[in-house]
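Comments concern the structure below.
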Protein chains: 2
Amino acid sequence: MGESSQATGKAHLIARLRGAGLRPTRQRVELTGLLFEGGDRHLTAEMLHEEAAQAGIRVSLATIYNTLHQLTDAGLLRQVTVDAARSYFDTNIGEHQHFYLEDEGTLIDIPGAEIAVAGVPNAPSGTRVERVDVVVRLRRD
Amino acid sequence: MGESSQATGKAHLIARLRGAGLRPTRQRVELTGLLFEGGDRHLTAEMLHEEAAQAGIRVSLATIYNTLHQLTDAGLLRQVTVDAARSYFDTNIGEHQHFYLEDEGTLIDIPGAEIAVAGVPNAPSGTRVERVDVVVRLRRD
DNA sequence: TCAATAGTTTGGAATTATTCTAATGAAAAT
DNA sequence: ATTTTCATTAGAATAATTCCAAACTATTGA
């Protein structure tokens, strides 16, 4: 019963997908459920695939990739490039930056208000700044 | 004559490799020559391999990768992660940041003095900050 | 100087993340 | 209900990178 604000907010998810111009297919609804109903998350395609499997959701890896990219293009996810080996997708699309724990491959958000980059030179002519990414790389000591 | 500061500073290259604890093999000397005798550069393994080929240097791609990583570990190169698809290696190891032209996959240095990051929170306990990377992503407009 | 040792290079196979493809299935439009 | 459009899927294909075992080279010590 009672579909609390988070759990199983299916209608909400469907609206979200529609808003992004995406058909609310079974797979997309279930994946966006996993993605957006657990606070801020940083996941790779493999991680999401695994999580879907655990949850009993049948989705191919190809669809995982498709969906992650579509959501990214729609501005509902942000792709984070910190490790050449894999791509992370961040469900937090607000302004913020990251700590990256290189030893474990873990990302931690740094709220946008706390951090500031000063002195960025003008973008070369013919280009515009799309985003400024800050990655604070950490090592266990 | 004296081997001007740049051109054909073979002895210099050998000393550099020795200093890094690496045997000055033919391949390493030639590759470090390409890397360090042309100012600040940003290259991928494939780019260096190609460049070596052009210069008539016979080296396998495996050795290119080995050498790039060894030089990186020795602190003579800095690996730059801006694109999930490939790794760049930067011959400028001084403090600086980068513009990244996403449309062309090109990196441009931003001198360290010009840019500053303020408000980085303390590193979580048990970790230390290894480096703060700033990437200003550009798009053609 | 030369053999013994330790470290290096190499081609090709192997691995890994990701993308592509063509066929099948499902949602939207008529 | 049917057609049209878009999505999903398994598996093949790609691309960057790493691994491997054999062949080679620098260094060391007699």
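Order of the sequence lines fixes the chain letters, A, B, ..., with proteins taken first and strands second; residue numbering starts at 1 for each chain.
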Using a strict 4.0 Å threshold on nitrogen-to-oxygen distance, state whether A/Arg139 and A/Asp103 make a salt bridge.
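Yes, A/Arg139 and A/Asp103 are salt-bridged.
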SB check A/Glu46 A/Arg86 (cutoff 4.0 Å):
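So A/Glu46 does not pair with A/Arg86 through a salt bridge.
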Between OG1 on residue B/Thr91 and CZ on residue B/Arg78, distance to nearest 0.5 Å:
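The distance works out to 11.0 Å.
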Got a donor-acceptor contact below 3.5 angstrom from the B/Arg137 side chain to the B/Val82 backbone?
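A pair under 3.5 Å: yes.
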Below 4.0 angstrom from OP1 or OP2 of D/dT8, is there any side-chain N or O of A/Ser60?
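No, A/Ser60 has no side-chain N/O under 4.0 Å of OP1/OP2 on D/dT8.
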Hey, what's the ring geometry for B/His69 with B/Tyr65, parallel, tilted or perpendicular (30° and 60° as the breaks)?
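Rings of B/His69 and B/Tyr65: tilted, as their planes differ by 30° to 60°.
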Rounded to whole angstrom units, what separation is found between the CD1 atom of A/Ile57 and the C1' atom of D/dT9?
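Going from CD1 in A/Ile57 over to C1' in D/dT9 covers 16 Å.
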Span of DNA chain C in contact with chain A (heavy atoms, under 4.0 Å):
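Using the under 4.0 Å cut-off, the span is C/dA17 to C/dA28.
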Count the heavy atoms belonging to other residues, nucleotides or ligands that lie under 6.0 Å from CD of B/Glu130, then report whether that count exceeds 12.
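Buried by this count: over 12 neighbours within 6.0 Å.
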For B/Asp141, give me all partners under side-chain contact (heavy atoms from CB on, under 4.5 Å), at least two apart in sequence or on another chain.
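Listed in chain order: A/Arg128.
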What does nucleotides 22-30 of chain D look like as a protein-contact string, B for base, S for sugar-phosphate only, - for none, at under 4.0 angstrom between heavy atoms?
----BS---
Looking only at side chains, do A/Tyr100 and A/Asp83 share a donor and an acceptor under 3.5 Å apart?
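The answer is yes; a qualifying pair exists.
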Can you tell me which residue pairs pass the side-chain hydrogen bond (donor to acceptor under 3.5 Å, both in side chains) test with a partner in residues 17-26 of chain B, sequence neighbours excluded?
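For residues 17-26 of chain B: B/Arg26-B/Glu30.
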Contact list for residues 112-122 of chain A, test side-chain hydrogen bond (donor to acceptor under 3.5 Å, both in side chains), sequence neighbours left out
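Applying side-chain hydrogen bond (donor to acceptor under 3.5 Å, both in side chains) to every pair that reaches into residues 112-122 of chain A, excluding sequence neighbours, yields nothing.
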Could you list the protein-to-nucleotides 13-17 of chain D atom pairs, N/O on both sides, closer than 3.5 Å?
residue : atom : partner : partner atom : Å
D/dT17  : OP1  : B/Ser87 : N            : 3.0
D/dT17  : OP2  : B/Tyr65 : OH           : 2.4
D/dT17  : O5'  : B/Tyr65 : OH           : 3.1

